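Everything numeric here is computed off the predicted structure, so don't read it as measured data.
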Amino acid sequence: DFGCGDELRFVISNTTEAGIVYDPTCRFDDCPPASFPAKLTRLLWQRWHAGKPGLILLPCELIANNGTVLRDTVLRHAADWALEEDFLRWLREENRFCNTLVDRIVTGYPAAQAPRLNAENGYEDALLDTAEPFGLWVIEGDEALSREFPAQKAGLPVKFVADHHPYKEQKVRILNGSHTGMVPIALQMGCETVMDAFNTPAIERFINDMVAEEVIPMIEEDQDELKRFAAGILERFYNPFIKHMLRSISLNSLSKWEARNYPTVRDNWFKAQRIAARECFTFAALMTLYSPKSGFEPDDTKEFVEYIRANWDSADVEATISKIVKESGIFTVDFSEVPGFVPTVAGYVRDIEALGMKDALKKFLGE
């Protein structure tokens, strides 16, 4: 009877970019199914079977059109499982899958400050969390949804908009793309936090140049406004009170890089006929971080990490990168559609392996 209560109206999820995926191995009778969309399909079926009204789904995963993708994946599972036509109709007509965008850096439980905060509060709060002052949640929805989910009346930074795409494009490419691109470089230079990375002049220069020269020009919005937006985004990285661990950001970096960074690589080529060299360097850094030589244990899909390590060949780096982007099944897009991507990445991988990350980055920057 889980999920069938009358009090349930909203389902909010954040399973990372790797969470909203179609898994054909999931079965209706699994207890529970492995993937989040399959679990949700089963929950919604139980709710329909109990004669309950539909739900409002607010996925927060940072993928394009997260609500639409979640809905389509649920419908695909329902079709796979040959569920009733009446259920499929109820699923489409009485449930609302909203596209959303969340923007806030949240770093977790404040272990060092918890004793003081608990003493001040007069009780122990195991759900204490640390977050930056900035926050934004953009939800595609109308006035009726804003009345039913009156977050704004509670003073929360929530915007109900007709189209979330302009907000998403800016935030994902500039903020999240900077994080995802920076992490494998900074980790291999001994940094532990975002603050450590931005206190390293070479990394700071690299990321600022990447945003200014490769990312912003490819976003089709007012360029001056984008520059102001980017300045505000990058300023948040310097917050000394936010201990944003690079190890935490590195979760599921393979799917994150495809969603956050590859669109900039693609657009630079197909819109401007140029290689986004800095973005290519970040992918090379990600590959060396995941390689068997790094000593780093990625928190990512196990079979993907195993594939990279099993097929890694430092004697033929270009063939290695080509196999990873074209044959591995790790990515949903073949990055070699951008001419020059594979050899450019391979060249940077050879530099990183030969020189180490610090000197490879120094060489890239021409220092």
Checklist entry - Given Asp300, which of Asn252, Ile330, Leu251 fulfils the side-chain contact (heavy atoms from CB on, under 4.5 Å) condition? => result Asn252

Item to check | Phe237 CZ to His179 NE2 distance, which is reported to the nearest 0.5 Å | outcome: 3.5 Å

Donor-acceptor pair, distance only, cut-off 3.5 Å: does the side chain of [X] make one with the backbone of [Y]?
X      : Y      : result
Asp351 : Tyr348 : no
Arg47  : Gly3   : yes
Glu367 : Lys362 : no
Asn311 : Thr320 : no

Parallel, tilted or perpendicular: rings of [Y] and [X] (30°, 60°):
X      : Y      : value
Phe341 : Tyr262 : perpendicular
Phe149 : Phe160 : perpendicular
Trp45  : His49  : parallel
Phe206 : Phe281 : tilted

Checklist entry - Charged N to carboxylate O below 4.0 Å: is that the case for Glu297 and Arg309? => result yes

Item to check | Cationic N near anionic O, under 4.0 Å, Glu143 to Arg147 | outcome: yes

More than 12 heavy atoms from other groups under 6.0 Å of [atom1] on [X]:
X      : atom1 : value
Lys271 : NZ    : yes
Glu124 : CD    : no
Gln223 : CD    : yes

Checklist entry - Quick one: does NZ or CZ of Arg42 land under 6.0 Å from the six-membered ring centre of Phe28, within 45 degrees of the ring axis? => result yes

Checklist entry - Which is it for Phe87 and Trp81 under the ring-ring contact (aromatic ring centres under 6.0 Å, His included) test, yes or no, and what are the steps along the way? => result CA-CA 12 Å; Phe87 168 65; Trp81 300 341; 9.2 Å; no

